[in-house]
Structures are given as structure tokens and as C-alpha cells.
Amino acid sequence: MASQSVLTPQDEDFPRWYQDVVAKAEMADNGPVRGTMVIRPYGYAIWERMQAEIDQRIKEAGAQNAYFPLFIPESYFHREAEHVEGFSPELAVVTHAGGEDLAEPIVVRPTSETVIGEFMAKWIQSYRDLPLLLNQWANVVRWELRPRLFLRSSEFLWQEGHTAHATYEDAAAYAMKIHLEVYNDFLEKVLAAPTYLGIKPPTERFAGAINTMTCEGMMRDGKALQMATSHELGQNFAKAFDIFYQNEDGQAALCHTTSWGASTRLVGGLIMLHGDDSGLVVPPRLAPIQVVVVAVRDEPEVNEACERIAQSLKGEGVRVQVDRGRGSFGRRLTDWEIKGVPLRVEVGPRDLAQGLVTLVRRDNAEKLPVALDAVGGEVARLLEAMQSAMFDDARQRRDGATVDVKSVAEAVEAAQTGFARLPWSQVGYKGENELNSQAITVRCLQRRDGSMPVTDTEDELDCIVAKSY
RNA sequence: CGGGGCGUAGCGCAGCUUGGUUAGCGCGCCUGCUUUGGGAGCAGGAGGUCCCGGGUUCGAAUCCCGGCGCCCCGACCA
């Protein structure tokens with residue numbers, strides 16, 4: 001009965017802890033082909049919740065869902081020089097199909113700018129067709145040398161938005177809108193993830209973009225994770241794919257395009273951002289199971305009470321599940337803790353005799369005896385309290401591990417345990433190389449007040465540097 | 001692709017140095033009974049190409065040669 005930890009403690013070996021959580025919370029398994037991932041039902045349920053929240057915001061931002069093919073002619077990639085250069089190393093290419101060698105190899109999409117560009121060119125005739133705002137939910141393939149479940153897999157799931165606009169300003173504004181109203185809003189409100197919003201330095205830009213925006217989150221081990229990005233592609237892809245429109249004056253003009261994405265990497269981010277030594281901790285608004293009603297004993301009155309409580313919570317829109325399975329009570333609690341279910345309602349004969357149940361919060365393990373008729377209200381209150389507490393805690397951890405420094409040397413020191421912030425002018429080409437040689441990268445550029453710059457050439461920019469996933 | 005580690009039951013490992021009967025242990029799984037307020041107990045049971053291919057030997061998980069795969073740390077990336 002002596003409680004021995006089920007997971008490797010974070011302090012002992014963080015990567016090991018991560019793998020333990022993924023396995024024991026039944027989130028995913030390695031697929032048979034190196035780098036591939038089997039997403040198990042619980043992991044997929046979390047992804048579906050992310051999808052639902054992000055999809056809703058994308059639609060509110062005016063984009064429509066569509067679907068483009070998995071297979072892309074290889075020649076498409078050669079039309080944009082930087083794009084092909086950036087992606088060639090990780091392309092999976094089909095050279096043989098239908099029992100024959102293919103005349104032209106087919107690339108399994110690593111991202112869809114090229115095919116979508118081709119069709120944008122076809123669909124856009126007039127300024128009246130603009131802006132064209134598309135999104136697709138899809139799988140993509142990027143051959144990975146060093147895969148990790150959710151964080152880096154050779155195949156992963158994501159959404160990729162692709163838009164075309166008449167002007168640079170309109171495209172830039174839309175990319176920014178997505179960044180703030182879709183990604184940052186989702187990250188803050190649902191994932192309880194505080195991030196640093198900024199733009200990437202030129203070296204870290206998306207292949208073919210003129211500007212890349214990022215939401216950089218800090219994991220519990222102090223490393224950075226890019227949780228979503230939004231790109232201004234300028235006219236690079238418009239040129240490569242002839243995405244023209246006719247303006248009011250009847251002149252042909254090149255479009256300005258954007259693309260933006262968030263992937264199943266977010267699930268990895270969720271684990272490493274909020275997880276603790278007892279396992280995953282899922283923010284209530286994200287959780288596929290928000291409340292688990294646990295029968296302390298498998299007895300009729302207890303089970304009936306569980307069902308009544310669950311039905312009533314369900315009626316109030318709470319995502320709830322009853323656990324009246326056999327097996328030891330302690331074991332079941334541990335299992336729910338590893339899965340990170342935000343709130344537990346423990347229903348036992350002793351409490352029940354007094355008209356009580358016990359509510360337990362996953363984030364701080366606080367136990368609260370609550371009268372049966374007050375459960376609904378308390379659950380709602382605690383879920384909200386936990387949601388904001390998780391964001392506040394994460395922000396405190398992030399701020400506490402972000403150090404202002406004045407030189408690259410100091411930044412290297414600070415990046416061993418967290419983020420370092422320093423004037424971008426102190427870094428430069430040479431400084432960036434020095435950082436990179438220490439496995440540290442410039443995660444983003446920000447204005448002094450923390451807001452997002454428009455370009456990397458603005459004066460007085462800070463940069464945030466860190467080790468990253 | 002560089003540097004380290006490891007391949008033995010579903011998972012985690014011992015055994016290998018010094019070859020020798022039926023290859024073990026923990027967890028998990030199955031059956032039964034007792035249990036159930038923080039990973040339950042007892043009894044019984046199922047489960048193995050010892051990564052693969054060669055070689056040495058009377059005999060190889062163990063020694064030799066060659067492959068393959070996985071994990072961790074770097075370079076690349078969402």
C-alpha cells in the first residue's frame with residue numbers, strides 16, 4: 001500500500017517523465033514505422049477538443065474549411081526557391097505506384113502552400129474574390145530524424161490556413177488577427193497557456209515567408225515550445241503560382257498570401273506545460289472529461305448517487321463520467337490523476353450518510369466536502385477557479401524563469417534553466433551563431449513593452465532566447 | 001548524420017564477465033475466493049524465434065564476426 005510514484009519524477013528525468021505520462025495516461029503509442037504515432041482514444045479526445053475550439057475561432061475569423069490532396073506533384077515545390085530548400089530534407093516522396101515507376105515523383109505534403117496556391121490562382125479572378133480565406137484540417141508528413149510522440153513525429157495532424165489578399169496591409173492584418181484572435185485566444189482561454197507573442201528572426205522564418213509570428217510557450221523544464229505560428233508570405237507564392245487578380249482599374253495585380261497552423265504538438269505542449277509528478281493536468285475548458293464521479297465502493301446506494309450526480313452535472317453542460325468500476329479505490333484515483341481530469345467527485349457511504357460528497361481538484365489536490373444539493377454550483381465554481389489558477393501558475397513559472405540579461409554570454413547562462421531576454425541589437429548574426437552552437441535559439445523578437453513588432457528591423461527590439469523542443 | 005546507452009514474456013529488468021539440466025524476477029494478464037475511504041491480499045494459471053544472420057563448440061541468451069532496430073544527448077523542424 002506504500003505509495004510509490006508511478007511516473008519518473010520530473011526533476012529526475014524530464015523526458016522520461018514525459019514518455020511515462022504519454023504511456024500511462026494512454027495518450028499515444030509509437031507506430032510501426034519509425035517516427036509515426038498512434039493516437040489513442042484519450043489523446044485523440046483531447047485533440048478533438050482542441051480542434052473544436054480552434055475551428056470555431058477560425059470560422060469566426062471568416063475562414064472556411066476545405067480539403068486539398070495529400071499528394072502533391074514534386075514540381076510544385078521547385079517553383080518557390082526558399083520553400084523547396086527548406087522542406088527538401090524532410091520530404092517523403094512517392095516514386096513508385098500502381099506497379100510502375102512514376103513519370104513525376106509525388107510528394108506527400110509537408111504543408112500545402114503549393115497545391116493551394118495552384119488552386120487559388122484558378123479561383124481568384126477579380127478583387128471581388130478577395131480575400132480568399134481557407135483552412136484545412138489534415139495530416140502532413142515531415143520525415144523526422146529524432147521523433148518524439150506529439151512533439152515531433154514524421155506524420156502529424158494539424159490545421160493549416162491559407163489566405164489570399166489584395167494588399168500587403170490586408171494580408172498582414174489578417175495573419176495578425178489569426179495570431180491573436182484564434183491562437184493566442186485559444187491558448188490563453190482554453191489551454192491556460194501564457195506565451196510570448198513575437199516574430200521570428202529571419203533565420204527562423206518559415207521557408208518562403210517574409211514574416212513569421214509565433215506563440216512561444218515555456219515548458220516546466222524551462223524549454224521553449226512554439227505552440228502556433230502565423231506567416232505573411234508576401235507575394236512569394238503568388239509569384240510562383242501566378243495568383244493574380246484584376247483590380248478596380250482592370251489591371252492585373254499579384255495577391256499577398258498568408259498561412260498559419262497549429263498541430264498535435266499542442267498535445268505535447270499541454271503535457272509539458274501543466275503536467276506534474278502525478279501526471280497530466282488538463283485545464284477544465286479543454287478537458288474531454290471535466291469531472292469524474294468516483295464511487296468509493298461498489299454499492300447500490302453509492303452507485304445510484306453517482307448516476308444522479310452525473311446526470312445532473314450533464315444537464316448543466318459539464319463533461320462528466322462515472323467511475324463505478326471494480327478494483328481498488330486508490331488505484332482508480334491514481335489513474336484519473338494521471339489522466340489529469342480536473343475535478344473528482346468522490347461518493348462514499350460515509351459521506352453520503354451525512355448528505356455529502358468530496359470534491360477534489362487535480363491541480364492543487366484540495367479536498368472539499370460539499371452538500372449533495374450544492375454539487376452543481378461548486379463544480380462550476382471550482383472548474384472556473386482551476387482554469388484561471390492554472391493560467392496564473394503557468395504565467396508565474398514563465399515569468400520567474402525569464403531573466404533579463406545584457407549579453408550573449410549571460411543569455412547562454414540563463415538559457416540553461418529558462419528563457420533569457422536581451423536587446424536584439426546585442427545579438428546579431430554572430431551572436432545568433434554563438435547561441436546556436438550552445439543549442440540555444442532566438443525564439444522571438446518583441447518590442448520593449450512585450451507587444452509584437454511588425455518587422456525585425458524595428459528599433460529597440462528585444463529577443464527571447466532559449467533551448468527548445 | 002555525430003556522441004552515448006540498450007535489444008531476454010505485454011511492460012520494466014536479472015542472468016552474459018567465468019558457455020552446461022525444464023531461462024528467471026517484478027508489474028500487468030486469466031481463474032477463484034476475500035476485498036474496496038489513496039496504486040488490495042491469498043491461491044492457482046497462461047504467456048519466450050533470449051533482435052536477425054553467420055561462426056566457434058559435444059553444447060550459445062552467454063564467446064567471435066556482420067547486420068537491423070530502439071532510446072537518450074546534439075545538428076533540422078510544427
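In what follows, chains carry the letters A, B, and so on, assigned in the order in which the sequence lines appear, proteins first and then strands, with residues in each chain numbered from 1. Just so you know, these numbers use all the heavy atoms, side chains as well, and skip hydrogens, waters and symmetry mates.
- The interatomic distance linking A/Glu26 (CD) with B/G28 (P) rounds to 15 Å, in whole Å.
- Taking a pair to require two hydrogen-bonding distances under 3.5 Å in either a Watson-Crick or a G-U wobble arrangement, B/A46 remains unpaired.
- Pairing for B/G69 goes to B/C6, judged as Watson-Crick or G-U wobble with the two contacts each under 3.5 Å.
- As rounded to the nearest Å, B/G69 and B/U8 have C1' atoms that lie 15 Å from one another.
- Counting non-hydrogen atoms of other residues, nucleotides and ligands closer than 6.0 Å to CD of A/Glu85 gives a total of 12 or fewer.
- Separation of the C1' atoms belonging to B/C16 and B/A60 is 10 Å when rounded to the nearest angstrom.
- Both distances falling under 3.5 Å, in either a Watson-Crick or a G-U wobble arrangement, occur for no nucleotide opposite B/U56.
- Pairing of B/A40, defined by two Watson-Crick or G-U wobble distances under 3.5 Å, is identified with B/U34.
- Of the candidate nucleotides B/U36, B/G74, B/C77, B/U36 has the atom lying nearest to any side-chain atom of A/Phe329.
- Side-chain proximity of A/Ala439 to B/A40, B/G74, B/U36: nearest is B/G74.
- Closest to the A/Lys367 side chain, of the nucleotides B/G38, B/C77, B/G12, is B/G38.
- Note that A/Arg16 lies outside the cation-pi zone of A/Phe14, set by a 6.0 Å cut-off to the ring centre and a 45° limit from the axis.
- You'll find a donor-acceptor pair under 3.5 Å spanning the side chain of A/Glu337 and the base of B/G38, going by distance alone.
- Here the nucleotide nearest the side chain of A/Pro15, chosen from B/C73, B/A75, B/G37, is B/C73.
- Exactly one of A/His231, A/His162, A/Glu113 qualifies for a side chain to side chain donor-acceptor pair (under 3.5 Å) with A/Ser259. That residue is A/Glu113.
- Here the CD1-CZ distance, from A/Ile271 to A/Arg220, works out to 13.0 Å after rounding to the nearest 0.5 Å.
- The listed nucleotides are B/G28, B/A75, B/G38; the one nearest the side chain of A/Arg344 is B/G38.
- Residue A/Gln19 places at least one side-chain N or O under 4.0 Å from the OP1 or OP2 atom of B/C72.
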